[in-house]
Structure formats: C-alpha cells, structure tokens
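Atoms considered below: every heavy atom in the structure, side chains included; atoms not considered: hydrogens, waters and symmetry mates. Predicted model, so just to flag it, every value in this text is computed and none were measured.
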Amino acid sequence: MKEVAVQTHNLIKTFSGVDVIKNYNMTVLRGSIYGLLGANGAGKTTAFKILSGLLVPIGGKAEVLGKDIVSQRDEVLKNIGTIIETPIFYEHLPAKENLEIHLSYMGIENVDIASVLEAVDLQSTNRHPVSKYSLGMRQRLGIARALSHKPQLLILDEPTNGLDPMGIRKMRELFLKLVKEENMTILISSHILSEIQYIADMIGVMVNGTIIEEVPLETIKKQYPDGLEDYFFNIMDGGQSNA
Amino acid sequence: MLKWMRLEFKKHKINTYVHASVIIAIVLFILVFLFAYIPTIDNDSEMQIFRDYHNLLMVCGVLSLVSFSILSSVMYCKFIIQEYGSNRIYMLFSYPVHRGKILFSKVLSVFLFIIVAVFMCNTTVFTVFAFTESFFSLMEDAFTVELILKTIQVSIVMAVIAATIGVIAMGLGYIKKSVPTTIVSAMLLSSLFSNIASINISNAASMNMFLIIFMGVTIAAGSITTIMLIKKVDRMEAQ
C-alpha cells in the first residue's frame, strides 16, 4: 500500500460569502501522478493555492506530505514545488540568477542549475533577462524552478500552457521520469485531456468546488476505451445536473 | 538576516538607486553653493543667514532629507508595495522562510541603504563645499573641527529621520497597496518636517530639540508600522 502524499478532509474556502471550495476531499498517493480535471471556475486553482499554503481554508483540514498545511506551512513548503497560474520571475535577471535566488530562499546549495535548465530545454548560457522570454520559455523556466530543489511533491496548475507540441511531449516525459526515478508525486491540472490521459495514475473530477469522483485511470480506460474525453464530458453532464 | 538582505539587493536593480543618490548629491551641492553665493550678490538681510556654516548645514540637511525620504518611498514601492500587491506574492509566499522575516529584511535593506546614502551625501557635499571655500570664500565663518562634528551629528539624525519617514509612508501606502499614496505620504511628511525645521533654523538649541523629538516620534511610528506589517503579512492570503 502506497503512502499518502496529500489528504484533504471536507475543505471549505469562501470568497465574499460564496463557497468556492466545499466538502473538498482528495487523496493523492506518493509516487503517483494525480490529474485534476474540471471546467473553468470549478475551483482547481483555489484548491491548489490552499495545498500550497497561499490560501487558508475556513473549514476542514489538509495534510500535505503528512503535515498540516496551515500550522506547519513552512515545513510543507520546503518539500513542494509549485506552478500556480502564470509563473512570475525577476524580469531583469537571466534564468540562472532567478533559480539561484529561488534556491537561496529554499536553503538548498550545490544544485547543478545548468542540468536543471537543460532538463526543460533551456540553455544555462542564455544571458537574456527573463523579460525577453516567450510564454513557452517562461513556462519551462517555471517548471525548472518548481523542481530545482528536488521536492517530494509537485503541484502544477496548467503547466503546459503556452508550450508547443514538442515542449508538451518533453514535459510529459520529464514528469514520468521524475515519478519513476525520483519517486516524486505530481498533482497536475490541465485543460488538455489527452495530456492527463498520457501521464496520470489517478483522475479527480471537480465540479463547483467539490471533487465529485476520484478514479484510477486504468478503470476509466476500461469503461471508456475511446479516451478520457468521453469520460469527462459524461461525468460533467452528470455533475452539473446534480449540482 | 544579511543573507535575505543580500537577496533583496540582488532581486532589485540597486544600481538605479545608487545613481539616484549620486544625482541627489550633485543637485544638493549645486543648491548649497547657490544658497551660499546669493547673499554675496543680494544684500537682503534674511539672505545673510546663509553666510553662516551652521545655517547652511541645516538647509543642506533638510533638502537632502526631503529628497531621500522620497527616494526611500520609491524604493519601498518597488521592494514592498509592488511585491505584496501583485502576483509576485505567489513567489514570495512559496518560500519556506517566515514571511515576517522576508518583510523585515526588505524594510531593513531600504532603511540601511537610505541611512548610508544620506550620510554619505551630506558629508560629501559639505566636505567638497568646505574644500572649495579655500579657493573662493563665500562664508563669513570658518570650517572648524566643531563644525565637522556637527555635520556628522546632523547627517546621522537626518539620515535616520529620512529612512523612518520612508517606513511610515510605506505603511500608509500599504493600506491601499498604492504607489502614489506611498510617495505622496513621504512628500507630505518630509514637507511637515522641513516647515517646522525652517522655523527653528536660526536657533541652534530649539533646532536640536526639534530634531531629537521628531526623530523619536518617527522611530516610534516606523517601528509600530513595521510590527503591524509583519503581523499582517503572516496572516495574508495570496488570492
């Protein structure tokens, strides 16, 4: 039986009196890839922000890597890497310096920054400031930063936004390698269903702030041999009619 | 703390502020020179007070205080207001370092930068001015050792006041997460200082008393602002 990396119990988060997250229950096993699916506004980013310590839930409990995300926030942050929304950088600095600053704050030394950048197809010799980077390059750098300190858990909100097809495939291979070789756990959301279909072990479907179903991808593949898209649209129709 | 401060200077283009400080020093030197020169061509009795080193030092101090208070508020806008008021906060809050510690390192970085800048600016401008006096004298009195000590003393006090005015302005600007509010607050606070200072300028004893009281009040207000901000940031959410 695999250990649990992320466990939430009835999380609730409210903005201006509206429940954006409610009765949010999620279980992510260590060394696996969990794909979180949901329509725009379902609350995926809010859920990821809670799990990254950026937001505080008003109810429920979330344990990340066995630690409470509210009371042991800094302990959790040491061991997770995140991309939430569009990655932000120090625009006037090159990629290498941006990673150096990140690693200093993470308290990690002696990291081979060149190999981290090469893993996402960025050149460590590129001295251009990040402000000159394309959207795809910024996304790659965001991924490099998220994994540079070798976290146990990666929380990636739409990490392939802006990447070209080659970049998407490269990242897919990288994520699978990180799980296989480094035993990382990845929690990922994406609008590209095929993307999730290629890499995820477990699928969670979110509707109106609640995870309405958590199913192993293998089970979905048996029920829907044509792919994740049929499953997703089917459950979304059902989910909305239930809501 | 030094590590976090070094990172702050790396994250923000510190050269910009060094250049700004040098420009302020050059403009200040020109103004000091003008203040000393005008009484030689204008016999107005009120202008004659600037032929005295003590009065000129105070004018120089007040002008540099106003300039550096505003520079300080601009730096706080970059270091704090824009960082905590934009999506850069995702980056700041993803580090496993106590949030208050990061904020304090930002406050301290700007605070110390301004103190060093004001002190260097005032002492350099006054030293260079005194040096030029040996070639063409404009002043009635002499540049004595006592005046050198006085220059150092006034420079330190003005430096502390300028830096703390920046902190208070940042606290006011933070409420609205507004750059204009921060800069305008610094302008108003430094104007308040310069207006009261101008009343006391020719009376050394009352000027000293005013400087000490104003410094005490600004340090107290700056400390309260910093403590409140640290508490606020620790509870803050990145929406």
Side-chain angles (χ1 to χ4, degrees), chain A residues 13-16 20 45-46 48-58 65 67 70 72-94 96-109 129-131 141-142 145-146 148-149 151 155 157, chain B residues 1-20 74-110 113 177 179 230-239:
Chain A
K13 183 67 189 171
T14 305
F15 291 132
S16 310
V20 181
T45 302
T46 306
F48 280 7
K49 283 182 180 176
I50 293 174
L51 297 176
S52 314
L54 296 172
L55 294 175
V56 180
I58 61 159
L65 303 169
K67 296 191 166 64
V70 178
Q72 295 171 289
R73 185 177 62 201
D74 289 348
E75 286 297 306
V76 172
L77 291 179
K78 271 183 199 164
N79 296 306
I80 66 170
T82 57
I83 291 188
I84 306 284
E85 297 185 343
T86 314
I88 306 296
F89 303 100
Y90 297 105
E91 298 287 324
H92 64 289
L93 296 174
K96 187 168 171 277
E97 272 78 351
N98 265 283
L99 290 194
E100 280 172 0
I101 289 174
H102 172 76
L103 290 167
S104 297
Y105 276 115
M106 298 307 292
I108 308 279
E109 289 172 359
V130 174
S131 58
L141 182 56
R145 184 174 61 191
S148 61
H149 53 283
I155 298 177
D157 184 22
Chain B
M1 189 50 68
L2 271 178
K3 181 187 171 187
W4 311 131
M5 287 168 65
R6 216 174 10 248
L7 284 174
E8 287 306 323
F9 286 127
K10 195 173 176 184
K11 280 167 15 182
H12 298 93
K13 289 186 210 165
I14 200 66
N15 278 351
T16 313
Y17 308 110
V18 174
H19 292 160
V74 171
M75 287 180 78
Y76 279 124
C77 286
K78 281 278 177 197
F79 279 60
I80 293 180
I81 305 290
Q82 288 183 346
E83 293 248 314
Y84 290 93
S86 69
N87 48 10
R88 272 175 179 261
I89 202 171
Y90 297 141
M91 199 161 43
L92 278 179
F93 285 2
S94 68
Y95 302 136
V97 183
H98 190 271
R99 291 177 182 179
K101 203 180 267 183
I102 294 183
L103 182 96
F104 188 63
S105 72
K106 287 171 177 291
V107 174
L108 203 57
S109 301
V110 178
F113 178 90
K177 301 260 173 39
V179 170
I230 287 172
K231 284 186 177 172
K232 202 174 172 75
V233 163
D234 196 40
R235 291 192 304 265
M236 199 172 158
E237 292 193 301
Q239 290 187 20

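- A:Glu75 does not touch chain B: none of its heavy atoms, backbone or side chain, sits under 4.5 Å away.
- Minimum interatomic distance between A:Lys78 and B:Pro96 (heavy atoms only, all atoms of both residues): CG-CB, 3.5 Å.
- Separating the CG atom in A:Leu54 from the CE atom in B:Met236 is a distance of 11.0 Å, to the nearest 0.5 Å.
- Of all the heavy atoms in A:Leu77 and B:Tyr95, the pair that sits closest is CD1-O, 3.5 Å.
- Both the backbone and the side chain of A:Ile101 come within contact range of chain B, each with at least one heavy atom under 4.5 Å from a heavy atom of that chain.
- Neither the backbone nor the side chain of B:Arg235 comes within contact range of chain A; no heavy atoms are under 4.5 Å apart.
- The local environment of NZ in B:Lys101 is sparse, with at most 12 non-hydrogen atoms from other residues, nucleotides or ligands closer than 6.0 Å.
- For B:Phe79, the CZ atom sits in a packed shell: over 12 heavy atoms of surrounding residues, nucleotides or ligands are nearer than 6.0 Å.
- Of the possible polar contacts, none joining the A:Lys49 side chain to the B:Glu237 backbone as a donor-acceptor pair under 3.5 Å is found.
- Contact of A:His102 with chain B is made through backbone and side chain together, with heavy-atom distances under 4.5 Å.
- Counting heavy-atom pairs closer than 4.5 Å to chain B, the top-ranked of the candidates A:Val56, A:Ile84, A:Thr46 is A:Val56.
- For residues 84-94 of chain B, heavy-atom neighbours of chain A at less than 4.5 Å comprise B:Asn87, B:Arg88, B:Tyr90, B:Met91, B:Phe93, B:Ser94, sorted by residue number.
- Of the two parts of A:Phe89, only the backbone, made up of N, CA, C and O, holds a non-hydrogen atom closer than 4.5 Å to a non-hydrogen atom of chain B.
- Residues of residues 7-14 of chain B that come within less than 4.5 angstrom of chain A, heavy atom to heavy atom, are B:Leu7, B:Glu8, B:Lys10, B:Lys11, B:His12, B:Lys13 in numerical order.
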